[in-house]
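A short write-up of the structure that comes next.
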Amino acid sequence: MSDFDEELTKLALAEDGKRETSVFSNPGMHFPWLQERIETVVTGGKKKRDFAQTTSACLSFIQEALLKHQWQQAAEYMHSYLQTLEDSDTYKRQNAPEVIWKLGSEILFYHPKSNVETFNNFADRMKNIGVLNYLKISLQHALYLIHHGKLEDANRNLSDAETWRYGEKSSSQEVLINLVQAYKGLLQYHTWSKKKTELSEIDKDDYAYTSETGNSGNQSCRTSTSICALLKTPGVWDPFVKSYVEMLEFCEDRDGAREILTNYAYDEKFPSNPNAHIYLYEFLKREKAPRAKLISVLKILHEIVPSHPLMLEFHTLLRKSDTEEHQKLGLSVLFEFLDFAGCTKNITAWKYLAKCLKQTLMEGHLVWVEEEWMSRRSWWPTFHFSFFWAKSDWKADADLACEKAFVVGILLGKGCRYFRYIVKQDHETLKKKIKRMKKCVKKYSIVNPGVCT
Amino acid sequence: MDLEEAKSFTERCSQCAAVSWGLTDEGKYYCTSCHNVTDRSEEVVSTAVITNTKINSISRGLRKRSKHEKGWDWYVCEGFQCILYHQAEALKTLGVGAELKNEVLHNLWKRYLQKSKQAYCKNPVRTRGRKAKVLGDNLQSSDCASELELLSDTTLESGAEFQSDPQIPKPFPLVKASPKSEAADVCSGSVDGVEYSEWKEKGVLKMTVPRTLALCYLSLLWQRETITLSDLLRFVEEDRIPYVNAFQLFPEEMKVYGRDKGIFAVESWPDYEDIYKNMIEVAIFLDLPRFPDVTEDCYLHPNILCMKYLLELNLPEEMHSLTCQVVKMTGIGEVDFLTFDPIAKKKRTVKYDVQAVAVIVVVLKLLFLLDDKLEWSYSSLAEAYNEEHREDEPQFDFRKWYQVMKKTFDEKRQKWEEARAKYSWKTKRPIYRSHIDKSVMYKRREMVEHLQKQFSALVGSTPVAEKKDPSSFQFNWTEGDTGSPCFHGHSLQGLLRTKGQSLITKNSLYWLSTQKFCKSYCKHVTTYEESNFSLSYQFILSIFSFLLRIKTSILHEEVSLIEKKLFEKKYNESKKRSRPKKVRRH
């Protein structure tokens with residue numbers, strides 16, 4: 001049996017090289033269960049070594065301790081778990097450093113007796129076990145240092161990682177290098193922005209001001225090279241984009257900034273990201289871009305996040321537009337916005353809807369309203385316009401209640417309980433408004449009187 | 001930089017584990033794939049380093065081997081002998097008589113070497129083909145009395161070698177290493193490790209680390225010592241007897257690497273069934289005669305073991321008369337049944353500890369039926385009685401006992417699992433498979449030690465609880481301060497009634513644990529499907545088997561076997577009638 005064992009390990013050793021690349025460099029698929037299945041086939045259903053059994057038990061004890069924030073216990077188990085670095089199972093041994101790094105850094109981050117020095121020590125050790133984890137650990141180490149305010153150390157760490165070289169680059173490592181560089185860029189941005197705020201306090205005519213602005217120009221150039229590479233790789237890079245654009249705008253490089261943002265928002269290789277469109281919209285707004293352009297950006301955002309606060313801005317933009325299509329869209333933007341539970345108390349939205357409904361009906365587009373109402377007829381009455389809401393809305397915000405009452409009056413008719421409750425209320429300042437509302441509802445309500453709930 | 005020159009350096013890079021070296025201008029090696037520069041410079045012929053003349057003379061003619069590791073030449077069987085020596089020493093410190101080591105185990109080992117034709121015979125298998133050389137050398141260096149030379153003598157001098165300290169195995173006369181072992185990846189620290197691992201001969205039982213334990217148990221059994229197999233395995237798990245990584249007890253100069261790993265490295269604790277099986281195999285292979293009789297005054301006799309486990313399980317002592325009765329009725333107390341006789345036709349022996357515990361299970365079933373109903377109604381009766389008669393000796397209350405045992409065993413099991421999870425398997429002496437792995441293994445070891453140091457600093461100065469003295473008892477219920485009540489003195493009054501002159505159990509029902517015994521060659525007696533049984537039965541099996549650190553199914557099998565004997569007549573009848581599961585007891 002021991003011979004058989006040895007044969008297997010030899011086989012495993014021979015495949016070491018192959019496996020290393022196939023497991024780690026291929027970003028596509030990894031099936032842990034498959035590995036397990038293969039292992040049981042290879043061992044012929046032989047009993048698992050107690051080593052494997054106890055270390056996996058140890059792992060679950062560590063996880064449990066972490067979950068319960070028992071850092072001391074976790075460290076105790078960690079002491080034993082470190083032996084997985086010497087596992088005779090090649091596959092497990094190769095995965096051990098990453099697991100140990102993740103658990104260990106978590107423990108050291110929270111453990112009361114731990115400090116920056118112990119963490120540094122640990123990170124430096126772990127970086128040099130195997131090649132594959134060097135960049136990942138360096139990056140996380142830098143983040144830890146940033147978290148603890150050691151920006152210079154973090155910067156040095158990132159520089160080290162950036163210049164670190166090894167034999168063959170795998171594609172996953174390339175992204176990591178870009179990330180390392182980008183974080184370095186972010187640190188540079190931080191110093192730059194600190195300087196900027198300092199400068200804003202200095203007199204503009206001062207000699208120091210002009211020389212400093214020159215310097216910061218240099219800085220942004222350096223930053224651009226470190227962040228740029230990352231922005232070419234698909235991904236969500238919000239903080240990098242934001243700071244980079246800020247620096248570009250400061251240097252008056254509007255075209256560059258626009259290119260970055262457009263690419264970030266429209267490149268199909270990038271994952272769908274609402275923030276990309278928000279950044280672009282805000283940039284275009286600052287640039288005073290034509291309305292049509294702003295509308296086209298927000299249209300995409302509307303498709304991704306119909307409940308975004310910017311939708312109200314979108315609505316006003318659409319109302320200002322002349323085309324019928326935009327007018328219609330403006331109405332449905334409001335309806336969709338109010339579909340979300342988080343937006344139900346947004347008084348502006350209700351105000352806009354009230355106004356918009358009135359105007360649309362005045363213009364004779366009853367069909368548009370009915371179209372929107374069709375799908376909501378079954379659930380909006382209980383979602384927005386229940387008697388309970390009438391009471392609580394009135395209590396919390398009478399203005400909101402009035403706007404809602406107007407809307408419900410138009411949509412459900414004056415017989416509905418929400419409307420009746422609000423109208424019945426006697427309020428001095430709102431008296432006139434309610435009266436006006438009653439008149440309007442009578443005039444425009446889409447419901448024939450008598451069919452209401 | 002010259003890549004050609006660097007080919008002789010075949011260790012793995014400590015950074016990226018590649019073997020691709022170049023030479024820097026300073027003559028140092030650097031890795032061509034990750035540019036890591038080692039602190040090793042090109043190796044100067046290593047013989048110059050050897051200053052110890054003694055070692056120098058030993059490694060004469062073995063320069064190739066000594067280049068990697070400078071140590072003694074030793075044989076695999078010497079390694080096992082060393083392990084056995086330490087195991088015997090450990091047993092001695094546990095209180096076993098000295099004869100075990102000096103006489104019994106020693107003789108068993110000699111017999112093993114003889115039977116496996118490794119020594120003590122005319123033509124030892126390990127030296128076949130190179131015998132002439134051995135003899136020739138023997139003549140020249142007759143002053144160095146080698147261990148194996150002595151062993152190749154056929155006289156069985158008792159004790160002589162075992163008392164001589166095997167910590168210093170003397171160098172074996174030079175033998176040319178087989179050409180195979182020259183290959184870079186097939187190597188071993190022992191002289192014959194490669195051959196041994198490839199040695200396959202019909203009828204020969206190769207020694208393994210689990211089998212050393214089987215030998216130990218055989219000698220304990222021969223001596224009728226007060227250690228059962230489950231005790232022995234528990235002591236191994238508590239690290240009181242060397243087993244896991246026993247090779248670390250080898251003297252520094254006995255280098256262990258390469259194929260030795262497959263022979264000596266163990267990454268599992270011994271398993272009861274496995275060692276039991278090995279023990280019988282070894283006994284048959286050694287052709288041992290009938291063992292000394294296990295009589296009623298022996299520790300291994302069920303009556304005594306039952307008493308021991310009744311105490312351990314916090315059950316009333318009164319139950320002992322019932323266990324004795326069951327033992328008597330089933331005939332498992334007979335000398336012929338209990339004594340191990342490897343030559344006899346039926347090659348089996350008794351699992352003394354499991355059997356004793358199984359008898360207790362049977363008695364509990366007789367008393368309480370364990371059908372999840374009767375035991376609880378009896379408990380209520382006992383509770384009421386105890387309430388009314390506070391002054392008297394209390395009656396045994398199953399419910400109360402259950403609560404106490406559940407709590408205690410859950411805690412114990414939790415602690416046991418935690419201790420296992422913290423067990424450290426790796427030693428200060430890492431075993432590498434081939435020379436190119438050596439530096440990486442040592443580097444890794446160093447790394448682990450450093451990291452461990454770091455984490456132990458975080459653990460703080462809470463001293464690890466002092467290791468308790470070894471004991472065959474795991475629980476002590478009589479100590480008042482444990483907080484758990486002791487049931488030893490409780491009476492079974494409420495459970496028995498008089499009939500004529502004898503006492504019989506109030507409960508007259510019984511259910512058999514199984515009616516189907518495997519008849520095929522799978523060697524299972526029966527299977528244990530937990531969900532088919534009452535919760536009380538499951539609970540009792542689970543805590544009892546935890547006490548012995550065995551699988552519940554083994555205990556269930558043993559219970560079934562005892563029931564088969566106890567109800568032999570009924571069992572046969574019920575097979576004919578096929579249906580009724582409950583049997584009336586007399």
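Each chain gets a letter, A, B and so on, in the order the sequences are listed, and its residues count up from 1. Computation of the quantities below employed the complete heavy-atom set of this structure, encompassing side-chain atoms and omitting hydrogens, waters and symmetry-equivalent molecules.
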Checking [X] against chain B: side chain, backbone, both or neither under 4.5 Å from a heavy atom?
| X | result |
| --- | --- |
| A/H79 | both |
| A/L59 | neither |
| A/T55 | neither |
| A/Q53 | side chain |
| A/I107 | side chain |

Determine, for [Y] and [X], whether the Lys NZ or Arg CZ falls below 6.0 Å from the six-membered ring centre while staying within 45 degrees of the axis.
| X | Y | value |
| --- | --- | --- |
| B/K206 | B/Y196 | yes |
| B/K426 | A/F51 | yes |
| B/R413 | B/F546 | yes |

Taking [X] for the side chain and [Y] for the main chain, is one N or O donor matched with an acceptor at less than 3.5 Å?
| X | Y | answer |
| --- | --- | --- |
| B/D437 | B/Y432 | no |
| B/N245 | B/A265 | no |
| A/R125 | A/F122 | no |

Region of B/Q454 in contact with chain A, defined by heavy-atom distances below 4.5 Å: side chain

Heavy-atom pairs under 4.5 Å with chain A: which of B/R420, B/K453, B/H450 has the most? B/H450

